[in-house]
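Input: a single structure, listed below in structure tokens.
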Amino acid sequence: MFSLKGKKALVTGASRGIGKGIALAFARQGAMVAVNYRANEAMAQEVVEEIKKMGGSAMAVKADVSQKQEVDMMVSKVASEFGGIDILANNAGIVAYRPFAQMEEADWDQVLDTNLKGQFFCIKAVAPYMEKQGKGRIINLSSIASGGVGVGFLNLAHYCASKGGVVALTEELALELTPKGINVNAIAPGAIDTDMSKAVASNPEVLKGLLARVPKGRLGKPEDIAAMAVFLASDEADYCTGAVFYVDGGWLAS
Ligand code: NAP
């Protein structure tokens with residue numbers, strides 16, 4: 001079960017953190033993986049080397065997902081190198097703590113352009129390839145702080161709005177793309193141990209308060225999210241589409 005043998009995957013923001021975890025897990029299941037990065041070429045190249053060491057195929061590909069032209073070039077490069085694209089993990093994202101009173105239009109735009117518009121650009125670019133094949137998998141990274149479940153993250157109005165937009169985008173696109181053979185789902189992680197959560201997790205008092213809300217009693221690991229991504233990318237998840245999968249160590253239940 002859960003084999004991705006021969007599948008061609010593009011993972012955005014895969015130079016580190018959750019994206020790296022997803023890229024490695026996809027490769028371990030047999031997929032060819034395009035490792036997207038924005039700035040950290042050396043780290044992306046390390047992920048590629050790690051995949052090659054385990055006998056897999058991978059390429060690093062630079063693109064800022066908030067720039068349509070760069071996304072279009074990335075997707076056409078990956079599709080021509082791999083001979084198509086079966087799986088898109090829309091993972092690239094940023095966070096920038098700012099109280100709402102000090103939040104400027106530029107702050108809002110930067111976060112929305114990366115976290116939401118970036119996913120739109122990537123889906124726009126890959127969907128035609130998937131439609132032509134009559135199958136595909138799109139996995140969008142949201143967050144538990146995306147509305148509807150009673151979790152907001154302080155000083156992150158733009159981030160929470162972007163992640164709520166990802167949920168809405170996922171549900172709507174499932175209606176349009178599922179009949180064409182493309183399943184669209186979202187993963188909503190809780191607190192995962194990456195660079196993104198460092199600001200919070202490096203403060204012992206804050207971390208203690210956070211973990212008090214997590215029945216598992218620990219931060220999540222990129223591998224915890226990657227396991228869900230592998231499932232959603234696999235043939236076994238054929239009947240899953242338009243859904244949000246919360247992977248949060250029990251946070252929402254507490
Ligand atoms: P991270 O450790 O900060 O890594 C972010 C990744 O995104 C890096 O590979 C970075 O590339 C890339 N990236 C950022 N902006 C980009 C852009 N404009 N174009 C292309 N790539 C870009 O973050 P993470 O914790 O792994 O988060 C991954 C996803 O999970 C995000 O969507 C995040 O919102 C979501 N998430 C995370 C948590 C958490 O607790 N960590 C919780 C819920 C949801 P470079 O290295 O080149 O800069």
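Atoms within a ligand are numbered from 1 in the order they appear, just like the ligands themselves. If you're wondering where the values come from, they're calculated on a predicted model, not measured in any experiment.
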Residue, atom and distance of the protein heavy atom nearest atom 24 (P) of ligand 1 read T194 OG1, 3.6 Å
Any heavy atom of I94 under 4.0 Å from ligand 1? The part involved is side chain
Heavy-atom proximity to atom 32 (O) of ligand 1, picking from N91, D113, N40, V95, points to N91
Within 4.0 Å of some non-hydrogen atom of D195, the atoms of ligand 1 are 2 (O)
### Query
Can you list the steps and then say if N140 with T170 is a side-chain hydrogen bond (donor to acceptor under 3.5 Å, both in side chains)?
CA-CA 7 Å; N140 298 326; T170 300; 3.0 Å; yes
Looking only at heavy atoms, the pair that brings E70 and D64 closest together is OE1-N, 2.7 Å
Evaluation steps, side-chain hydrogen bond (donor to acceptor under 3.5 Å, both in side chains), between T12 and N36: CA-CA 5 Å; T12 67; N36 160 253; 4.7 Å; no
Within-shell test, A63 vs ligand 1, heavy atom, strictly < 4.0 Å
yes
### Task
Take D86 and R137, measure what salt bridge (Lys or Arg N to Asp or Glu O under 4.0 Å) needs, and give me the verdict at the end.
CA-CA 6 Å; D86 303 300; R137 293 297 162 89; over 6 Å; no
Residue, atom and distance of the protein heavy atom nearest atom 5 (C) of ligand 1 read G93 O, 3.8 Å
Contact region, I144 to ligand 1, non-hydrogen atoms below 4.0 Å, reads neither
Ligand 1 to P189, heavy atom cutoff 4.0 Å, flagged ligand atoms 42 (C), 43 (C), 44 (C)
Note: A14, heavy atoms under 4.0 Å from ligand 1, region reported as backbone
re atom 30 (O) of ligand 1, the protein heavy-atom contact at minimum distance is I18 CD1, 3.5 Å
With I138 as partner, the option from I87, L177, N183, T241 fulfilling side chain to side chain contact (heavy atoms under 4.5 Å, CB included) is L177
- Parallel, tilted or perpendicular: rings of W251 and F153 (30°, 60°): tilted
- Message: Please determine whether any non-hydrogen atom of D64 lies less than 4.0 Å from an atom of ligand 1.
- Response: yes
Atom 22 (C) of ligand 1 has as its nearest protein heavy atom A92 CB, 3.6 Å
The answer for which part of S142 has a heavy atom under 4.0 Å from ligand 1 is backbone
request  = Verify the neighbour count for atom CD of E236: are there more than 12 heavy atoms of other residues, nucleotides or ligands below 6.0 Å?
outcome  = yes
Q) Are the side chain of N185 and the backbone of C240 linked by a donor-acceptor contact shorter than 3.5 Å? A) yes
Numbered in order shown, the ligand 1 atoms found under 4.0 Å of a heavy atom of T114 are 15 (N), 18 (N)
**Item:** Greater than 12 external heavy atoms within 6.0 Å of M103's CE
**Value:** yes
for atom 34 (O) of ligand 1, nearest protein heavy atom and its distance come out as Y159 OH, 2.6 Å
Original post:
Donor-acceptor pair, Q119 side chain versus G165 backbone, under 3.5 Å?
Top reply: no
For this session: Output yes when the distance from some N or O of ligand 1 to some N or O of A39 is under 3.5 Å, and no in every other case.
Result: yes
heavy-atom search around atom 45 (P) of ligand 1 in the protein gives S15 OG, 3.4 Å
To the nearest 0.5 Å, atom CG of D72 lies from atom CD of Q67 at 11.5 Å
Looking only at non-hydrogen atoms, the one of M43, R38, R16 nearest atom 17 (C) of ligand 1 is R38
The atoms of ligand 1 lying under 4.0 Å from a heavy atom of N36, numbered in the order shown, are 20 (C), 21 (N)
Here the atoms of ligand 1 under 4.0 Å from any heavy atom belonging to G17 are 2 (O), 26 (O)
*asked:* So for ligand 1, is V65 a polar contact partner (N or O within less than 3.5 Å, distance only)?
replied: yes
Closest to atom 38 (C) of ligand 1 (heavy atoms only, candidates G21, G190, A191) is G190
- Task: Consider every N or O of Y37 and every N or O of ligand 1, then say whether any pair is closer than 3.5 Å.
- Result: no
Of all protein heavy atoms, the one nearest atom 40 (O) of ligand 1 is I192 N, 2.8 Å
Counting heavy atoms under 4.0 Å, the part of K163 that contacts ligand 1 is side chain
Linked, directly or transitively: L10 and L232 (ILVMFWY side chains, under 4.5 Å): no
*Where the side chain of T178 meets the backbone of L175, is there a donor-acceptor pair that is under 3.5 Å apart?*
no
protein heavy-atom neighbour closest to atom 7 (O) of ligand 1 works out as G13 CA, 3.5 Å
Closest non-hydrogen contact found for A89 with F26 is CB-CE1, 4.2 Å
Taking side chain as C-beta onward, heavy atoms only, is S76 less than 4.5 Å from Y129?
yes
